[in-house]
K.L.:
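Sharing a structure, written as C-alpha cells. Questions coming.
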Number of protein chains: 2
Amino acid sequence: MTRVMTIGEAAARSGVSAKMIRHYEAIGLLSAERRANGYRSYGPQDVAVLRFIRHARDLAFPLEDVRRLLALWRDRTRASAEVKRLALSHVAALEAKAAALNAMAGSLRHLASHCAGDDRPDCPILADLEAEDGCHRQEGPER
Amino acid sequence: MTRVMTIGEAAARSGVSAKMIRHYEAIGLLSAERRANGYRSYGPQDVAVLRFIRHARDLAFPLEDVRRLLALWRDRTRASAEVKRLALSHVAALEAKAAALNAMAGSLRHLASHCAGDDRPDCPILADLEAEDGCHRQEGPER
DNA sequence: ATGGGACTTCCCATTGTGGGAAGGTCAAGG
DNA sequence: CCTTGACCTTCCCACAATGGGAAGTCCCAT
C-alpha cells in the first residue's frame, strides 16, 4: 500500500513540509519523478530519505553536511570513520556555539544580578554596554 | 580633537563596520548629520552609541532588543526594572538555545561513541538517522 | 459543471552581515 | 591643471533555512 505518493502524503509521512521537500529537491538533496500531470511522485524510499534528512536537521547538521551524510548513507562501501569524523566535527561546532551562548548568558546574568530592578534609573547593565572597550568586558585576556 | 568624523573614522573608533553603521541608520537605530557633500558626519556621542550597539550585539541581543535598550539608555527617567527584565528574558533565550545545542551535541556524541570509526561501513550514526521516528530519538517524553 | 482541495511555479520576508558595482568627492603630487 | 588613490555615496545581491502567499492547473466528489 501507498507505494506511490503525492508530495503532500510524503510530507505527512516524513514530517518534512512540502515546501521544504521542494527546496531540498531544488538544491539537489533528492530527486522526484513526475507524473504525467506534472505532480511529483514519491515512493517509500523517498520518504526514508526525507526522514533521514529531517533527523539530520534535528541534530542541526547544516544542509551541506546533510548532503555528505546522504552520500555516505547511500554508499555501501563507506568507511564509518568518515561519518564519525563528520559527526564529531559537528559536535565540536555545536559545543562551541553552546559555550559561546553560555558565556554571554553568564556575563549578562552577572550584570543583571547587580541591577536593582526597581523604579530608579541606575543600571549596571546599561553602564556596561555604555563602557569604553576593554574596560571589563571579559575576565581574562581573551583566548 | 576629532570632534567631527566621517563614517570610516566612526567605524574605526567604534568597532562597527561602515556597512553596518549605514544599516543601523537605515533601520532607525541612529541618525547621522550630512555634510554639504552628502557625507555622513559623526561626533563622539555617535561613536558612543555605536559602541553601545556593538556591546549589545556582542551579547547577542537581537537588533529589536538593541533598539529598546537604546531607548532606555537615552531615557534618564527609565526604571532599571525594565532593563533588567529585558536582559533576563534575553538570558533565558540564550540559555534555552545553549541547552538545545548541548542536547544535540550530547545525542550525537553518544552515537559517535558507538561508532567504530574504521574502514567498515557499519555505523550507528547513520543507523540512527535512518531509523523510524520515535524509535529512540529522545530519552524522555519531551518537555 | 462546479466547488474545494492539493498541486505547480515564482516571488518575498525573515536576521545580520558582507561583497561589489557605479559613481561622486577630496587631497596630494606631478 | 589634471591624475591618482582613498574615501564616500547608493543600490543590488548573497548567505542559511524556512515560511507565506499569489496565480494558475488539476483531480475528485457532488
Side-chain angles (χ1 to χ4, degrees), chain A residues 2 4-43 46 50 52-70 90 93-94 96-97 100-101 104, chain B residues 2 4-43 46 50 52-70 90 93-94 96-97 100-101 104:
Chain A
T2 66
V4 81
M5 285 166 271
T6 66
I7 198 174
E9 282 179 69
R13 286 178 188 276
S14 65
V16 178
S17 73
K19 208 93 185 191
M20 291 316 298
I21 296 179
R22 295 195 193 96
H23 179 60
Y24 294 154
E25 181 184 344
I27 65 175
L29 285 197
L30 38 28
S31 57
E33 318 216 319
R34 297 298 185 119
R35 294 211 258 248
N37 56 14
Y39 283 20
R40 288 168 180 83
S41 182
Y42 300 92
D46 298 308
L50 288 168
F52 183 98
I53 295 176
R54 182 165 64 77
H55 292 157
R57 288 294 301 144
D58 286 348
L59 291 171
F61 278 101
L63 288 181
E64 273 316 302
D65 285 15
V66 176
R67 187 193 305 278
R68 294 188 199 104
L69 287 170
L70 271 174
H90 181 53
L94 289 173
K97 205 173 286 189
L101 292 177
M104 293 186 280
Chain B
T2 68
V4 80
M5 284 166 271
T6 66
I7 198 173
E9 283 180 68
R13 286 177 187 277
S14 65
V16 177
S17 74
K19 207 92 184 191
M20 291 315 298
I21 297 179
R22 295 194 193 95
H23 179 60
Y24 294 156
E25 181 184 344
I27 65 174
L29 285 197
L30 39 27
S31 56
E33 317 216 320
R34 295 299 185 118
R35 292 212 257 247
N37 56 12
Y39 284 21
R40 287 169 180 82
S41 182
Y42 299 93
D46 297 309
L50 288 168
F52 183 97
I53 294 176
R54 183 165 64 77
H55 292 158
R57 289 292 303 145
D58 286 348
L59 292 171
F61 278 102
L63 287 181
E64 274 316 303
D65 285 14
V66 176
R67 186 193 306 279
R68 293 188 199 105
L69 287 170
L70 270 174
H90 181 53
L94 289 173
K97 206 173 285 189
L101 293 177
M104 293 187 280

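Convention: sequence-line order gives letters A, B, ...; per-chain numbering from 1.
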K.L.:
If you look at every strand shown and take non-hydrogen atoms under 4.0 Å, does B:Tyr24 touch a base, only sugar-phosphate, or nothing?
P.N.:
sugar-phosphate

K.L.:
Let me know, please, whether A:Tyr42 or B:Phe61 comes out on the 5' side of the other along DNA chain C by nearest nucleotide.
P.N.:
A:Tyr42

K.L.:
Take atom CZ of A:Arg35 and atom C1' of D:dC28, then tell me their distance rounded to the nearest Å.
P.N.:
13 Å

K.L.:
Starting the side chain at C-beta, find the nucleotide from D:dC8, D:dG19, C:dT17 nearest to B:Met20.
P.N.:
C:dT17

K.L.:
Name the closest nucleotide to the A:Arg40 side chain, picking from C:dT8, D:dT10, D:dA17.
P.N.:
C:dT8

K.L.:
Are the side chains of A:Arg40 and A:Glu25 in contact, using a 4.5 Å heavy-atom criterion?
P.N.:
yes

K.L.:
Within a strict 4.5 Å, meaning less than it, do heavy atoms of the B:Val4 and B:Arg35 side chains meet?
P.N.:
yes

K.L.:
Could you check whether B:Arg57 gets within reach of a base, just the sugar-phosphate, or nothing at all, counting any heavy atom under 4.0 Å?
P.N.:
sugar-phosphate

K.L.:
Send over the distance from A:Arg67 CZ to D:dA17 C1', rounded to a whole Å.
P.N.:
14 Å

K.L.:
Which residue is it: A:Leu70, A:Asp58, A:Val16? I am looking for the one with a side-chain contact (heavy atoms from CB on, under 4.5 Å) to A:Ile53.
P.N.:
A:Leu70

K.L.:
So if I take every side-chain heavy atom of B:His23 and compare against C:dT17, D:dT9, D:dA17, which nucleotide ends up nearest?
P.N.:
C:dT17

K.L.:
With a 3.5 Å cut-off and heavy atoms only, can you find an N or O donor on one side and an acceptor on the other between the side chain of B:Lys19 and the base of C:dG16?
P.N.:
no

K.L.:
Among the candidates D:dT10, D:dG19, C:dT8, find the nucleotide nearest to the side-chain atoms of A:Arg34.
P.N.:
C:dT8

K.L.:
Using side-chain heavy atoms (C-beta onward) and a distance below 4.5 Å, is A:Ile21 in contact with A:Tyr42?
P.N.:
yes

